[in-house]
Amino acid sequence: MPTTVALKTSPADAIAFLEVLSVAGVVLDRLNKVVVNTEIANEMGLVEYGHLTSDELKDLAVRARSAGETLTEEISFARNLRTAKVELSVKATALDDSHIILVVEDRTEAKRLDETRRDFVENISHELKTPISSISLLSEALQVAIDNPEQVKKFAKNLQRESKRLGSLVKEIIQLSRIQGGDLAATVAPVDVSSVISEAVDLNQFQADAKNIKLNVNAPEGLVVLGDSELLTMAMKNLIENAIVYSNEDTQVGIGIKEVDNFAEITVSDNGLGIPLDQQERIFERFYRVDPSRSRETGGTGLGLSIVKHAALNHGGDVNVFSRVGLGSTFTLRLPLYTIDENSSGEG
Ligand code: ADP
């Protein structure tokens, strides 16, 4: 037998309550006309001229009324043909003998995040499998070759390479999931971009020296952004590291900053391999590599630029690339400058 959940609250009180919670709510009378609704319901386009705009929402209200119980459903809703669909979770319940209330939650962003997470976990599992199975095969080979010092040396070296690869993969996965969670607020502070660059350069100096690549840095102090210095350093380190990895020996890499329209514009330029035009957007995707076999040789994880992109977005900036195959690449990371206005807002 259906349970009647009449709340015995007046339509106006119920809507006032939802308004405080910033939730979309609509109360309908017996003829399914809108009696009262929250502002958010208007903003979402659920109500127009005193009527619900979605037949599915109306249908849910009718069914909740005749069932005499609370119904919860997921509904796809588009305001009109030109707007994107949103995913709504809707609860319909009787408010009293003549009114039904619909409480509507926009789940689009939450669903998108769920999908991104699921994708991410699938990709990670796949990427982790390769070095793990290499390590397992190499250790078996090592056991078999125990009496052959040359082979032992070779397998041990490969083992070291694969375990290093596994280590950097895990480190980058942790960084990426941290930024994707968007949880930076606690570590955000004014950061001088030049200090981030100088640390990132230090982290890459050894690798640059090993290939006799000169790092030309032009990073004057004084351009300050509001951000997470560890994350920004990691992003810069990745850009400089790529410039070194994808360049030939005895070349040069340029690193500079300048102020453009209230942004700190950081550029990293190389005269390396370059990136084909049709792949330039894809390189910022997780685990995407232009040449997977070369990337494997160099120990690349395919996560470096994805970290750069997310770091840029989380700081209200962006990253783009200009590149020609055979000539080289320039990556530009733009971060909004921390201005005096922001500094003093809310004071005096
Ligand atoms: P990886 O760990 O493979 O370097 P990234 O996410 O850092 O992963 O880069 C993705 C791909 O973009 C690389 O595999 C490489 O093919 C290409 N790429 C990145 N930076 C450069 C560069 N400076 N020059 C040429 N190719 C680059």
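Numbering of ligands and ligand atoms starts at 1, following listing order. We number each residue from 1, following the sequence as shown.
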(request) May I ask you to say whether R118 pairs ionically with E115, meaning some side-chain N is under 4.0 Å from a carboxylate O? (result)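 Between E115 and R118 there is no salt bridge, as every charged N stays at least 4.0 Å from the carboxylate O atoms.
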(request) Could you list which atoms of ligand 1 come closer than 4.0 Å to a heavy atom of Y288? (result)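 Checking each atom against Y288, I get 10 (C), 11 (C).
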(request) With heavy atoms of G304 as the reference, note each atom of ligand 1 found under 4.0 Å away. (result)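 Close to G304: 5 (P), 6 (O), 7 (O).
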Please determine if [X] has a nitrogen or oxygen closer than 3.5 Å to a nitrogen or oxygen of ligand 1.
X: N242; value: yes
X: S306; value: no
X: V290; value: yes
X: G302; value: yes

When you look at [atom1] of [X], are more than 12 heavy atoms from neighbouring residues, nucleotides or ligands closer to it than 6.0 Å?
X: E221; atom1: CD; answer: no
X: E87; atom1: CD; answer: yes
X: Q160; atom1: CD; answer: no

(request) Write down the atom of A200, the atom of M236, and the distance for their closest heavy-atom approach. (result)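 Minimum heavy-atom separation between A200 and M236: CB-CB, 3.5 Å.
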(request) Please list all pairs passing the side-chain hydrogen bond (donor to acceptor under 3.5 Å, both in side chains) test where one or both residues lie in residues 47-60, with sequence neighbours left out. (result)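 Matches after skipping sequence neighbours: D59-R63.
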(request) Assess F284 for proximity to ligand 1: is some non-hydrogen atom of it under 4.0 Å away? (result)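 Judged by the 4.0 Å heavy-atom criterion, F284 does not count as contacting ligand 1.
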(request) Determine whether any heavy atom of I275 lies closer than 4.0 Å to an atom of ligand 1. (result)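 The answer is yes, since I275 has a heavy atom less than 4.0 Å from ligand 1.
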(request) Select the closest option to atom 5 (P) of ligand 1 among L305, T330, D270, judged by heavy-atom distance. (result)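 It is L305 whose heavy atom sits nearest to atom 5 (P) of ligand 1.
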(message) Checking side chain to side chain donor-acceptor pair (under 3.5 Å) between Q252 and each of N216, D270, N271, which is the one that passes?
(response)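 By the side chain to side chain donor-acceptor pair (under 3.5 Å) criterion, Q252 pairs with just one of N216, D270, N271: N216.
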